[in-house]
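Below, all heavy atoms of this structure are taken into account, side chains as well, without hydrogens, waters or symmetry copies. Because the structure is predicted, anything quoted here is derived from the model rather than measured. In each ligand, atom 1 is the first atom listed, and ligand 1 is the first ligand listed.
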Amino acid sequence: MGILKAVAVISSPSGNINVKGSLQFIQDTSTGVTHVKGTILGLTPGLHGFHIHALGDTTNGCNSTGPHFNPLNMDHGAPSDQTRHAGDLGNIIAGSDGVAELSIKDKQIPLSGPHSILGRAVVVHAEPDDLGRGGHELSKTTGNAGARVGCGIIGLQSSV
Ligand SMILES: *[C@@H]1O[C@H](CO)[C@@H](O)[C@H](O)[C@H]1NC(C)=O
Ligand SMILES: [Cu+2]
Ligand SMILES: [Zn+2]
């Protein structure tokens with residue numbers, strides 16, 4: 001009961017891009033809602049797909065973090081859709097300065113229990129997520145959001 005906290009330090013392991021940032025995850029265990037907040041810098045202006053991926057493995061940069069976290073075996077969608085991956089958090093928006101300020105609340109990304117996102121990765125993409133509606137062959141799996149420009153592993157943080 002109470003509050004659980006986690007943190008992810010975002011970086012871009014693959015050389016020529018310099019995406020970085022820090023995100024905090026705060027779950028209210030009475031409602032099950034997790035609040036993701038923080039700042040990511042070094043993005044191109046505009047929309048960027050933003051997801052929880054299944055694995056906390058960055059041995060090959062963000063590419064080894066696996067597919068979108070999908071414990072219920074659903075198609076890709078928007079965060080507000082009934083049909084979505086648990087990890088589908090939609091898009092974040094970077095301003096002309098390349099900075100995205102995030103504040104996302106979601107019920108499918110708990111920090112405890114069988115569908116916990118602890119030890120998995122949060123990933124930022126080069127392109128917008130089409131939320132499953134783009135009609136591209138990748139729309140129903142990845143939202144066709146392009147390369148993985150930044151990622152970080154979600155780790156437990158002291159809740160006091
Ligand atoms: C990750 O995959 C992309 C293709 O989507 C490739 O261009 C890039 O070089 C890969 N990065 C690493 C670190 O292997
Ligand atoms: Cu992703
Ligand atoms: Zn997805």
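- Scanning the protein heavy atoms around atom 14 (O) of ligand 1, the nearest turns out to be Asn60 OD1, 3.1 Å.
- Only one option out of Asp88, Asp130, Thr142 pairs with His76 in a side-chain hydrogen bond (donor to acceptor under 3.5 Å, both in side chains); it is Asp88.
- Atom 9 (O) of ligand 1 is never approached by the protein to below 4.0 angstrom, counting heavy atoms only.
- The tally of protein N/O/S atoms under 2.8 Å from the Cu ion (ligand 2) stands at 3.
- The main-chain N or O of Asp57 is found under 3.5 Å from a side-chain atom of Ser64 such that the two form a donor-acceptor pair.
- Thr29 places a side-chain N or O within 3.5 Å of a backbone atom of Gly2 that can act as its donor or acceptor partner.
- Of the options Val36, Leu47, Leu43, a side-chain contact (heavy atoms from CB on, under 4.5 Å) to Ile92 is made by Leu43 and by none of the others.
- Of all protein atoms, those that are N, O or S and lie under 2.8 Å from the Zn ion (ligand 3) total 4.
- Between the side chain of His48 and the backbone N or O of Thr44 there is at least one donor-acceptor pair closer than 3.5 Å.
- Using a 4.0 Å threshold on non-hydrogen atoms, atom 2 (O) of ligand 1 counts as touching the protein.
- Going from atom CZ of Phe25 over to atom CG of Leu4 covers 13.0 Å, rounded to the nearest 0.5 Å.
- No side-chain donor-acceptor contact under 3.5 Å links Ser139 to the backbone of Gly132.
- Aromatic rings of His125 and His53 (six-membered ring for Trp) have centroids within the 6.0 Å cut-off, being under it.
- Taking the six-membered ring where tryptophan is involved, the planes of His68 and His51 are tilted, since the angle between them lies from 30° to 60°.
- Ranking protein heavy atoms by distance to atom 11 (N) of ligand 1, first place goes to Asn63 ND2, 3.0 Å.
- The pair Asp106-Arg84 meets the salt-bridge criterion, with a side-chain N (NZ, NE, NH1 or NH2) lying under 4.0 Å from an Asp/Glu carboxylate O.
- Under 4.0 Å is where a charged nitrogen must lie from a carboxylate oxygen, and between Lys105 and Asp28 no such pair does.
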